[in-house]
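All heavy atoms count here, side chains included; hydrogens, waters and symmetry mates do not.
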Amino acid sequence: MYEAKKEMFNNINQTIIASIVGIRFETLNRIINQKQTTNKTTAYCIVKAIDPNAEIEEYFKRNGE
C-alpha cells in the first residue's frame, strides 16, 4: 500500500484531481492527510493527474506488505 507524502499536496485542487481520477473528494482528502493508504493503481492515477511527468515515489511512500 502507498501512503501520501503530505507536503507534496499543498498546492493542488483536490476537487479537480479527485474528479480526474474518479474517486470522491473525501477519499482523496483522507489519502492526502494520511488517514488512509491506497493501492499502486490509485496512487499512480493521482500522481499522473497532478503531473504527467512525475513518478509515484515523488508523492507517495510504499509501506511494507
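What you find for Ala49 and Ile20 is that their closest heavy atoms are CB-CG2, 3.7 Å. Thr27 approaches Gln36 most closely through the heavy-atom pair CG2-NE2, 3.7 Å. Summarising the geometry of Ile56 relative to Val47, their closest heavy-atom pair is CA-CG2, 4.0 Å, with the distance given to 0.1 Å. Residues Ala54 and Lys48 come closest through the heavy atom pair O-NZ, 2.7 Å. For Met1 against Asn39, the heavy-atom pair with the smallest separation is CE-N, 3.7 Å. In this structure, Thr38 and Thr42 approach most closely via the heavy-atom pair OG1-CB, 3.1 Å.
Within a 6.0 Å radius of OH in Tyr44, no more than 12 heavy atoms belonging to other residues, nucleotides or ligands are found. By the 6.0 Å contact criterion, NZ on Lys40 is open, its count of non-hydrogen atoms from other residues, nucleotides or ligands being 12 or less.
Distance alone, capped at 3.5 Å, places no donor-acceptor pair between the Asn33 side chain and the Arg30 backbone. Within the 3.5 Å criterion, the main-chain N or O of Asn63 finds no donor-acceptor partner in the side chain of Glu3. With Lys5 contributing its side chain and Lys61 its backbone, the two residues share no donor-acceptor pair below 3.5 Å.
One distance of note links OH of Tyr59 with CD1 of Ile46; it measures 11.5 Å at 0.5 Å rounding. In this structure, Glu26 CD and Ile23 CD1 are separated by 10.0 Å, a value rounded to the nearest 0.5 Å. Rounding to the nearest 0.5 angstrom, the gap separating the CZ atom in Arg62 from the OG1 atom in Thr37 is 12.0 Å. Atoms SG and CD1, on Cys45 and Ile17 in that order, are 11.5 Å from each other to the nearest 0.5 Å. Here the CD atom belonging to Glu55 is positioned 13.0 Å from the CZ atom belonging to Phe60, to the nearest 0.5 angstrom.
Counting only heavy atoms from C-beta outward, the side chains of Ile50 and Phe9 approach each other to under 4.5 Å. Put simply, the side chain of Ile12 reaches to within 4.5 Å of the side chain of Ile32, judged on heavy atoms.
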